[in-house]
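Predicted model, so just to flag it, every value in this text is computed and none were measured. In what follows, chains carry the letters A, B, and so on, assigned in the order in which the sequence lines appear, proteins first and then strands, with residues in each chain numbered from 1.
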2 protein chains.
Amino acid sequence: MTARKAVTSASVVTYLRSCINKGDLNPDDKLPSEREISERLQTTRVTTREALKQLEAQGVIYRSNRRGWFVTPDRIKYDPSRAMFFMDYVAEQGQQPFSRELQKTKIKADAEIALMMGVPIGEPLVELQRLRGSGVRPVYVERILLREKLLPGIDKKDLENSVSRVIRNDYQTEYGRIDLDMVVGSLSVTDAELLQAPAGYTSITIQRLSYDAKGEVLELDLEQWRHDALQLKVSLSS
Amino acid sequence: MTARKAVTSASVVTYLRSCINKGDLNPDDKLPSEREISERLQTTRVTTREALKQLEAQGVIYRSNRRGWFVTPDRIKYDPSRAMFFMDYVAEQGQQPFSRELQKTKIKADAEIALMMGVPIGEPLVELQRLRGSGVRPVYVERILLREKLLPGIDKKDLENSVSRVIRNDYQTEYGRIDLDMVVGSLSVTDAELLQAPAGYTSITIQRLSYDAKGEVLELDLEQWRHDALQLKVSLSS
DNA sequence: GAGTGGTCTAGACCACACT
DNA sequence: GTGTGGTCTAGACCACTCG
């Protein structure tokens with residue numbers, strides 16, 4: 001009998017981790033192809049893929065579409081309790097942020113949105129869709145719903161970089177309470193496409209409801225993050 | 001040619017979702033075995049398993065050890081900004097909470113812990129490990145590190161149900177600032193075992209550093225949650 | 001056009017859970 | 001003991017990316 005001992009996915013994980021830790025592979029570097037790894041370690045693609053998925057779950061590597069596997073750069077530290085802007089805090093962490101406006105339209109609140117925002121059905125809103133990333137990698141898509149009633153003419157402003165800055169400067173409106181809601185799930189087909197991830201990729205959904213100083217709802221922000229791109233930090237003082 | 005069209009994992013997902021939505025399967029119900037599903041839908045176990053993993057990522061079903069797949073009950077809504085206790089808010093949401101003390105020992109801060117807590121290396125601490133769940137399902141493990149210096153004799157108290165209550169009532173100490181840190185990752189072998197999940201299961205890591213009113217660090221809380229068991233809600237007032 | 005990741009087939013063995 | 005989930009082998013085809 002030639003009885004070759006089966007190669008476990010755990011050993012493939014160990015091997016790949018060591019490559020990354022040794023520095024043979026740096027953040028955003030591409031890993032060798034699945035077939036090449038399999039051949040090198042004398043195993044099958046299924047086992048190699050299993051190992052890759054484990055590392056992906058740990059946030060060590062990530063996938064980009066059908067282009068391959070890459071080493072994950074540091075997570076973006078995001079503190080929703082600090083009044084800071086994406087473009088600023090990513091830069092502060094030594095990475096290059098980018099922001100792309102995908103859509104800006106006037107809509108009317110449907111039943112679902114109205115419920116989430118606590119406004120009447122049919123209330124006029126401005127919907128803004130953005131894609132944001134760090135370096136070469138898109139990290140989240142967001143959908144922002146703004147109440148035109150409280151922010152007249154907001155649809156004509158440049159909102160690509162920061163909505164909060166416009167609200168503060170152009171409307172002399174300060175934020176009051178913010179309600180955050182976070183859940184781990186997986187990406188829809190359309191969101192996955194935008195984030196250059198396979199459908200079903202593990203994601204973090206953040207829903208943020210912002211009020212003004214008088215307690216009126218200003219905006220609803222729905223974010224979908226690649227799970228491995230985010231580290232959430234919140235500071236509470238009671 | 002007999003050329004049977006390949007069955008896609010997407011169609012298996014659709015089929016299982018419909019079973020759950022129709023009410024054929026209720027929360028915590030066990031799904032049929034992988035082989036049975038495969039045979040019923042004329043496909044292989046690999047494809048069925050792929051579908052099950054997709055539903056797992058979405059949080060629709062969960063695994064328990066080697067016992068099988070089950071329908072996920074509602075997520076526990078957890079608001080760290082409210083002064084509430086696990087046992088209370090789970091009950092409030094109509095589920096039966098449980099809490100089990102796994103360990104309680106006196107230790108000295110090692111380098112890693114000292115750094116996280118901002119205390120000197122070697123500072124005496126009380127380490128408490130607990131396992132908590134809802135219904136029949138364990139949902140998170142936690143490791144609590146308490147500063148004996150500020151909480152003398154804390155190791156002799158009953159801490160199974162609520163540390164915060166003891167601190168408040170027995171030490172007349174109020175909490176001040178709380179720093180939260182959240183990240184999505186995967187379970188270690190030991191944590192997975194405690195949570196009756198396979199190693200590598202997707203998890204949410206929550207790190208909570210609590211200060212007293214004077215700004216002194218009181219405790220460090222390290223929690224590992226099953227990703228599908230938690231919905232985090234935070235209310236911030238600026 | 002060559003090569004890659006994404007997916008599916010059709011088996012197999014093992015360790016553990018349940019009865 | 002029986003059956004289950006967990007894992008691995010050894011192929012195959014397709015759709016897409018990249019050069």
Side-chain angles (χ1 to χ4, degrees), chain A residues 1-16 29-57 61-70 136 186-187 189 192-193 195-202, chain B residues 1-16 29-57 61-70 136-138 186-187 189 192-193 195-202:
Chain A
M1 277 227 321
T2 46
R4 199 178 64 233
K5 181 90 165 291
V7 176
T8 65
S9 64
S11 68
V12 180
V13 167
T14 306
Y15 169 74
L16 291 172
D29 276 0
K30 191 176 184 308
L31 272 65
S33 78
E34 296 177 358
R35 287 171 177 86
E36 192 180 328
I37 297 171
S38 308
E39 200 178 342
R40 200 182 298 175
L41 299 187
Q42 286 292 299
T43 183
T44 51
R45 257 186 82 205
V46 177
T47 303
T48 299
R49 239 159 148 3
E50 177 58 32
L52 291 167
K53 283 179 185 173
Q54 283 175 37
L55 288 168
E56 179 186 67
I61 60 177
Y62 69 95
R63 270 184 275 184
S64 177
N65 255 346
R66 295 167 160 273
R67 302 196 304 111
W69 300 85
F70 302 82
V136 295
S186 64
L187 294 175
V189 177
E193 218 159 271
L195 292 173
Q196 299 178 345
Y201 205 79
T202 302
Chain B
M1 280 222 326
T2 44
R4 198 179 64 233
K5 181 91 165 292
V7 176
T8 65
S9 65
S11 67
V12 180
V13 167
T14 306
Y15 169 75
L16 291 172
D29 277 1
K30 191 176 182 310
L31 272 65
S33 78
E34 296 177 359
R35 288 170 175 84
E36 192 180 329
I37 297 172
S38 308
E39 199 178 344
R40 199 182 298 174
L41 300 188
Q42 286 292 297
T43 183
T44 52
R45 255 186 86 204
V46 177
T47 303
T48 299
R49 230 153 181 292
E50 176 58 32
L52 292 167
K53 282 179 187 174
Q54 284 175 36
L55 288 167
E56 180 186 65
I61 61 176
Y62 69 94
R63 271 184 273 186
S64 177
N65 255 347
R66 295 169 159 273
R67 302 195 304 111
W69 299 85
F70 302 81
V136 293
R137 186 171 71 136
S186 65
L187 294 175
V189 177
E193 218 158 273
L195 292 174
Q196 298 177 348
Y201 205 77
T202 302

Next item on the list: Could you please spell out the steps behind the side-chain hydrogen bond (donor to acceptor under 3.5 Å, both in side chains) verdict for W69(B) and E56(B)?
Entry: CA-CA 9 Å; W69(B) 299 85; E56(B) 180 186 65; over 6 Å; no

Ranking dC16(D), dT9(D), dT9(C) by distance to the side chain of V7(B), first place goes to dT9(C)

Atom CD1 of I37(A) and atom P of dT4(C) are separated, to the nearest Å, by 11 Å

Per-residue pairing states of DNA chain C in dot-bracket (Watson-Crick or G-U under 3.5 Å; . unpaired, | other strand) read ||||||||||||||||||.

query = Ignoring hydrogens and angles, does a donor from either the side chain of R45(A) or the base of dG6(C) sit under 3.5 Å from an acceptor on the other?
reply = yes

Query raised in the report: Does T43(A) put a side-chain nitrogen or oxygen below 4.0 Å from OP1 or OP2 of dC8(D)?
Result: no

Rounded to whole Å, CZ of R66(B) lies from P of dC16(C) at a distance of 6 Å

Separation of dG5(D) atom C1' from Q196(B) atom CD, nearest Å, is 15 Å

- Task: Respond yes when some side-chain nitrogen or oxygen of T47(A) is under 4.0 Å from OP1 or OP2 of dT7(D), and no when none is.
- Result: no

Q54(B) CD to dG6(C) C1', in whole Å, measures 11 Å

By nearest-nucleotide position on DNA chain D, the 5'-leaning member of V46(A) and E34(B) is E34(B)

Result for side-chain contact (heavy atoms from CB on, under 4.5 Å) between S9(B) and one of T14(B), V46(B), T47(B) points to T47(B)

Taken to the nearest whole Å, CZ/R35(A) to P/dT7(C) is 14 Å

How would you label the contact of T44(A) with the nucleic acid (heavy atoms, under 4.0 Å): base, sugar-phosphate, or nothing? base

Regarding the side chain of R49(B), the nearest nucleotide among dT7(D), dG5(C), dA17(C) is dT7(D)

Separation between CD (Q196(B)) and OG (S64(B)), nearest 0.5 Å, reads 4.5 Å

Q. Which part of the nucleic acid, if any, lies within reach of R67(B) when heavy atoms closer than 4.0 Å are counted: base, sugar-phosphate only, or nothing?
A. sugar-phosphate

Considering only heavy side-chain atoms of S33(B), the closest of dC8(C), dG6(C), dT4(D) is dT4(D)

When rounded to whole Å, the CH2 to C1' distance for the pair W69(A) and dT17(D) reads 17 Å

For S186(A) and G200(A), the nearest pair of non-hydrogen atoms, with its separation, is CB-O, 3.2 Å

d(Y15(A) OH, T48(A) OG1) to nearest 0.5 Å is 11.0 Å

Next item on the list: State, yes or no, whether a side-chain contact exists between L31(A) and L52(A) at a heavy-atom distance under 4.5 Å.
Entry: yes

From the list E39(A), E34(A), R40(A), side-chain contact (heavy atoms from CB on, under 4.5 Å) partner of E36(A) resolves to R40(A)

Here the distance between atom C1' of dA15(C) and atom CD of E193(B), to the nearest Å, is 13 Å

Separation of dG6(D) atom P from K53(A) atom NZ, nearest Å, is 14 Å

d(R49(B) CZ, I37(B) CD1) to nearest 0.5 Å is 11.0 Å

Practice prompt. Taking only the side-chain nitrogens and oxygens of T8(B), find out if one of them lies under 4.0 Å from OP1 or OP2 of dT7(C).
Written response: no

